[in-house]
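Here is the naming used below: chain letters follow the sequence lines, and residue numbers restart at 1 for every chain.
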Amino acid sequence: MEKEAAKRRVEQLHALINKYNYEYHTLDDPSVPDSEYDKLMKELIALEEEHPDLKMPDSPSQRVGGAVLDAFQKVLHKTPMLSLGNAFNEEDLRDFDRRVRQAVGDVEYNVEFKIDGLAVSLRYENGVFVRGATRGDGTTGEDITENLKTIRNIPLRMKRDFSIEVRGEAFMPKRSFELLNQARLERDEEPFANPRNAAAGSLRQLDPKIAAKRNLDIFVYSIAELDEMGVETQSQGLDFLDELGFKTNHERKKCSTIEEVIEIVEELKTKRADLPYEIDGIVIKVNSLDQQEELGFTAKSPRWAIAYKFPAEEVVTTLLDIELSVGRTGAVTPTAILEPVKVAGTTVQRASLHNEDLIKEKDIRLLDKVVVKKAGDIIPEVVNVLVEQRTGEEKEFNMPKECPECGSELVRIEGEVALRCINPECPAQIREGLIHFVSRNAMNIDGLGERVITQLFHEDLVHNVADLYKLTREQLINLERMGEKSTDNLLKSIEKSKENSLERLLFGLGIRFIGAKAAKTLALHFETLDKLKKATKEELIEVDEIGDKMADALVTYFEKEEILKLLDELEELGVNTVYKGPKKAAAEASDSYFAGKTIVLTGKLSEMSRNDAKAEIEALGGKITGSVSKKTDLVIAGEAAGSKLAKAEELNIEVWDEARLISELKK
DNA sequence: TTACCTCGAGATCA
DNA sequence: CTCGAGGTAA
């Protein structure tokens, strides 16, 4: 076909296919038979093959699955993808309502289904879908764009040319799940355990053609930058998403009191079994975006929303045994070994019993019939014992007096529930310590998992973390299941870990009370391991967020002769001991007006987005916090600022409008 | 805690 | 081809 004609036809095909697709999948109201759709799609693919330059990034042909990837890339979320707080009963809902009303006064709620799938974010640039990602740890997820493109309800081009990030829940409808498993059984393949796992598995395929065949679906529920879209409430936001061509869930209701919310929750609950997709709860959101903003966030979730979780399924099984394991800190933890049983879509055979007290309190005995559920639908838990079903065969369980790994006496430190092995030479502790050292948030040494560490330890090749850096190619290649490739990869990642910034090393050392967060704080403050080693308790306590306990633990740790020797050894082996992250640097030293000040943003900004304002102020050394207190130095009030402005006036805190902020930022 | 995908190792067969 | 480790998700 001649070029110009081909181009026109391709454009026409885009429009037609997109229209039919939208009608079929999003509106559920097709105007042409499937065969027509298939015919057009075939024609489009053929044309694109003939004229590759006509293949647009938003071409509907991508629905059938693009190129095979060799790995998923990391994606940084523009705004973090947080999880929601949970409510398990009416009481929790009323508490939530009380907290909300205390902070912002009268509210309206929007009640929505909580779809049981995987959270994804979808990035659009100038109206075109450019990147889709999993939630990951909330900050960084995986790029699954190609797989998401195969979901027909995700518009490849929105109806308006915005650049936005929307959030939604990808899932597999119950019907698709059943058909898929039926087909798998016929092909003698293992069926998937439940629709959620099937959906997650499909989206983690490197070949998008497989994902394309899985009939996934999505409900979209938010835009990260809603306030910049002229939308004022969550429910308007959902309508707006509909207008943009997304599929939202239409089972949603606005409520003005918590009693009404509870009523709606009860009503929605009854629909659960009849829905064509699985839900694991109901989400209640403060409807007004201004009020949402005012409520803000805790460290891990928004204060303006809560997820009502359905009561967890409970199942009876037999407790076969209690297994003991010794952790990195020497704590001995009992784990229940259960007769395998299906709970909430998966098979459960182990459940942590946490400590001796819990076993005593619930009077758990070996061979007891126990009730098991999955707390938060993930972690298995022994709820209680069916005492009335005892046969007399059951045996009481007593924690051992000696460490199951090294035989030394276990102690129970006052005020603690855990029994501890305090032998510093205990092999279990050393092994666990090594595993922790190489783990992802610590030194992040790829290819060095639990199994390899255990082998190295047993082969007497590694006794402490410094030994890891002395391993040779010959030693590694002779291990079980280690070939050329694995060995080279491992050596490379060990080498790479030498360059890690100080906080990773600090966290990896496993000093008591020093988690990832404290390690970062210390690294940032002291900058070198040397300075930290020499810090006195007083100096440590002075650091923000480092308290008495952490300071003591650090001092005790760095007093030990063998520890100092180990650290010197690491340094000699080439392990970096200085902080490499972004410096608080420029910020605090900056002579900007904002430097060192604690600032609160409230109300709607019109010229710049809240995120940009935050970033710019922080770059100049200001600290943005969520609520006004007497520690606040300055409040920036946009339009329609609410209680935070009132509070600022009450406390006599300086208040600026947006114009003043912008002029100061320009300096 | 379990399920799923991907990879490399090593066994087995050609 | 099967196994198991490692990573990720809820």
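Atom-to-atom, CG of A:L490 to P of B:dG8 comes out at 14 Å; the value is rounded to the nearest Å. Rounded to a whole Å, the CG atom of A:N489 is 7 Å from the P atom of B:dG8. The CG atom of A:L203 sits 15 Å away from the C1' atom of B:dA3 (whole-angstrom rounding). Between the CD1 atom of A:I379 and the P atom of B:dA3 there is a distance of 14 Å, rounded to whole Å. Atom-to-atom, CG of A:N197 to C1' of B:dT1 comes out at 12 Å; the value is rounded to the nearest Å. We find that NZ of A:K374 is positioned 9 Å from P of B:dT2, with the value rounded to whole Å. The interatomic distance linking A:R350 (CZ) with B:dT2 (C1') rounds to 11 Å, in whole Å. Taking atom CD on A:Q455 and atom P on B:dA9, their separation rounds to 13 Å, with Å as the unit.
Classification of A:R431 and A:E450 as a salt-bridged pair fails, no side-chain N sitting under 4.0 Å from a carboxylate O. The residues A:K253 and A:E267 are annotated as salt-bridged, a charged nitrogen and a carboxylate oxygen being separated by less than 4.0 angstrom. A:D143 has no carboxylate O lying under 4.0 Å from a charged side-chain N of A:K74, or vice versa, which leaves the two without a salt bridge.
The aromatic rings of A:F129 and A:Y124 sit tilted, their planes meeting at an angle between 30° and 60°. In this pair, A:Y109 and A:F96 present their aromatic rings tilted. The plane angle is within the 30 to 60° band.
Along DNA chain B, the nucleotide nearest to A:A351 and the one nearest to A:D70 differ in position, and the one closer to the 5' end is contacted by A:A351. The nearest heavy atom of DNA chain B to A:R214 and to A:T487 marks one nucleotide each, and the one closer to the 5' end goes with A:R214.
Note on A:A71: nothing from the nucleic acid sits closer than 4.0 angstrom, heavy atoms only. When heavy atoms are screened at a 4.0 angstrom cut-off, A:G345 is found touching no nucleic acid atom at all. A:K309 comes within 4.0 angstrom of nothing in the nucleic acid, heavy atoms only. Heavy atoms of A:L448 sit under 4.0 angstrom from primed sugar atoms or phosphate atoms, though from no base atom.
Taking every side-chain heavy atom of A:A193 into account, B:dC4 is the closest of B:dC4, B:dT1, B:dG8.
In terms of modelled atom types and a separation under 3.5 Å, the side chain of A:N500 and the main chain of A:S497 share a donor-acceptor contact.
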Hey, mind stepping through A:D357 and A:H354 against side-chain hydrogen bond (donor to acceptor under 3.5 Å, both in side chains) and telling me if it holds? CA-CA 8 Å; A:D357 288 4; A:H354 304 291; over 6 Å; no

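For A:K360, the NZ atom sits in a packed shell: over 12 heavy atoms of surrounding residues, nucleotides or ligands are nearer than 6.0 Å.
Within the 4.0 Å cut-off from OP1 or OP2 of B:dA3, at least one side-chain nitrogen or oxygen of A:T347 is found. Residue A:S486 has no polar side-chain atom (N or O) positioned under 4.0 Å from OP1 or OP2 of B:dG8. A:Q205 has a side-chain polar atom (N or O) that falls below the 4.0 Å cut-off from OP1 or OP2 of B:dT6.
Boundaries of the chain A contact region on DNA chain C are C:dC3 to C:dA10, first to last in 5' to 3' order (nucleotide atom under 4.0 Å from a heavy atom).
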